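So the structure is just underneath, and the comments pick up after that.
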There are 2 protein chains.
Amino acid sequence: MIQQILAAQATLKDNGFRLTKIRKLILEVFFSNTTVPISATELKSQLFALDTKVNKTTVYRELEFLSAQGIIVEVNAGDGKKRYELNCYCHHHHVLCLRCSAVECVTIDNCTLEEQLNSVDLKNFKITGHALNFFGLCAQCR
Amino acid sequence: MIQQILAAQATLKDNGFRLTKIRKLILEVFFSNTTVPISATELKSQLFALDTKVNKTTVYRELEFLSAQGIIVEVNAGDGKKRYELNCYCHHHHVLCLRCSAVECVTIDNCTLEEQLNSVDLKNFKITGHALNFFGLCAQCR
DNA sequence: TGACAAATGCAACCGTGTTGCAATATCATA
DNA sequence: TATGATATTGCAACACGGTTGCATTTGTCA
């Protein structure tokens, strides 16, 4: 983990961007939590818990920035707000708790979704991606 | 179609609800368009196009009402806003245009998603449903 | 027709997200 | 180490989808 976060920091510097205190903290949050996509509001809270008060504009801009750099990816979990997770370059899906809005990643072994698409009438859309979200109650709320 | 809309109206009356001008128009909009989920804003526009100016609060409340009555269902199309479509009692998915936000329904023949779930680690969630959304460019925007 | 409850409109509000602009902090270079 | 260019940040104001409380209107049934 530690070498990965250093690699990400080096990449940013190499591309002419700065390693501010806030940016480093945000990287730490994402790299220390690799299984749960978080929203802007949640990130703001986590930074506050780390004794760092950050303006919401900065949070939104930083999420967009890290996303553009390919370090994190935007995730649609079906709860109407943008969420982000560390870019793991692996295909997976998400499960959302309808009561507390907790989100986790799930992996479907031998997922045949892509193949099934070949036989589907996609209304002449040019498909660039898909999102599969499961809904229900998490371990705490069930 | 005409007998279905009359049946829906009868059901509402039987349950003690009123058939107002607005409610009847909204039913017409949904029953005359059975393949595209629409948002509150879009419904408001369609009503306006039918020479009926409706307050947005009424639109939101009516959508929630018809949803609670099981006449329409809430649909998550992945664009961050609630959409609704006629309740067709059949399992299907949706495709969203990333440029113009158009949404259409798609059906996967012999969808094995449900069966695949048996072998998936769902993090101890109790699953009640799922949403599969495809993203891309529609016929007009591609 | 009248009365009661359902439905509506209005205004004000909330949460998420965005934009313009001024102030600040980072970092390469001198 | 000091400095200057500019990347980053904060602030205020806004946009948009959605909700709530309350007063008014409307549909229905006796």
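None of the values given here were measured: they were computed from a predicted structure. Every chain is numbered from 1, with letters handed out A, B, ... down the list of sequences.
- For Tyr60(B), a side-chain nitrogen or oxygen approaches OP1 or OP2 of dG18(D) to under 4.0 Å.
- Of the two residues near DNA chain D, Phe17(B) and Val59(A), the one whose nearest nucleotide lies more 5' is Val59(A).
- Side-chain to base pairing of Arg61(A) with dG10(D): one donor and one acceptor N or O lie within less than 3.5 Å of each other.
- Atom-to-atom, CG of Leu43(B) to P of dG18(D) comes out at 12 Å; the value is rounded to the nearest Å.
- Of the candidate nucleotides dG9(C), dT18(C), dA7(C), dT18(C) has the atom nearest to the side chain of Lys82(A).
- Regarding contacts with the backbone of dT26(C), every side-chain N or O of Thr20(A) stays at 4.0 angstrom or more from both OP1 and OP2.
- Thr41(A) has no side-chain polar atom (N or O) that falls below the 4.0 Å cut-off from OP1 or OP2 of dG15(C).
- Following rounding to the nearest Å, Leu19(A) (CG) and dA7(D) (P) show an atom-to-atom distance of 15 Å.
- If you measure from atom CG of Leu25(B) to atom P of dA7(C), you get 16 Å, rounded to the nearest angstrom.
- No close placement of the Tyr84(A) and Phe30(A) rings is indicated, their centers lying 6.0 Å or farther apart.
- For the pair Asn55(A) CG and dA22(C) P, the interatomic distance rounds to 17 Å; values are reported in whole Å.
- Within 4.0 Å of Ser39(A), counting heavy atoms only, lies no atom of the nucleic acid at all.
- In this structure, Asp79(B) atom CG and dG18(D) atom P are separated by 9 Å, rounded to whole Å.
- Contact annotation: side chain of Arg18(A) to base of dT6(D), donor-acceptor pair present below 3.5 Å.
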Any chance you could lay out the ring pair (Phe, Tyr, Trp, His ring centres under 6.0 Å) test for Phe65(A) and Phe17(A), step after step, and finish with the verdict?
CA-CA 10 Å; Phe65(A) 169 79; Phe17(A) 302 108; 4.8 Å; yes

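- Between the C1' atom of dT26(C) and the NZ atom of Lys24(A) lies a distance of 10 Å, rounded to the nearest Å.
- Note: His130(B) and His93(B) meet the aromatic proximity criterion, with ring centroids under 6.0 Å apart.
- With rounding to whole Å, Leu63(A) atom CG is found 12 Å from dT16(C) atom C1'.
- For the OP1/OP2 pair of dG17(C) and a distance below 4.0 Å, the side-chain nitrogens and oxygens of Lys81(A) include no atom meeting the criterion.
- Rounded to whole angstrom, the span from the NZ atom of Lys44(A) across to the P atom of dG17(C) amounts to 13 Å.
- Contact of Lys56(B) with dG18(D) (side chain to base): a donor-acceptor pair of N or O atoms is detected under 3.5 Å.
- For Glu64(A), the CD atom counts as loosely surrounded, since its 6.0 Å shell holds 12 or fewer non-hydrogen atoms of other residues, nucleotides or ligands.
- Heavy-atom contacts from other residues, nucleotides or ligands closer than 6.0 Å to CD of Gln9(B) number more than 12.
- The base of dA11(C) sits within donor-acceptor range of the side chain of Thr57(B), with an N or O pair under 3.5 Å.
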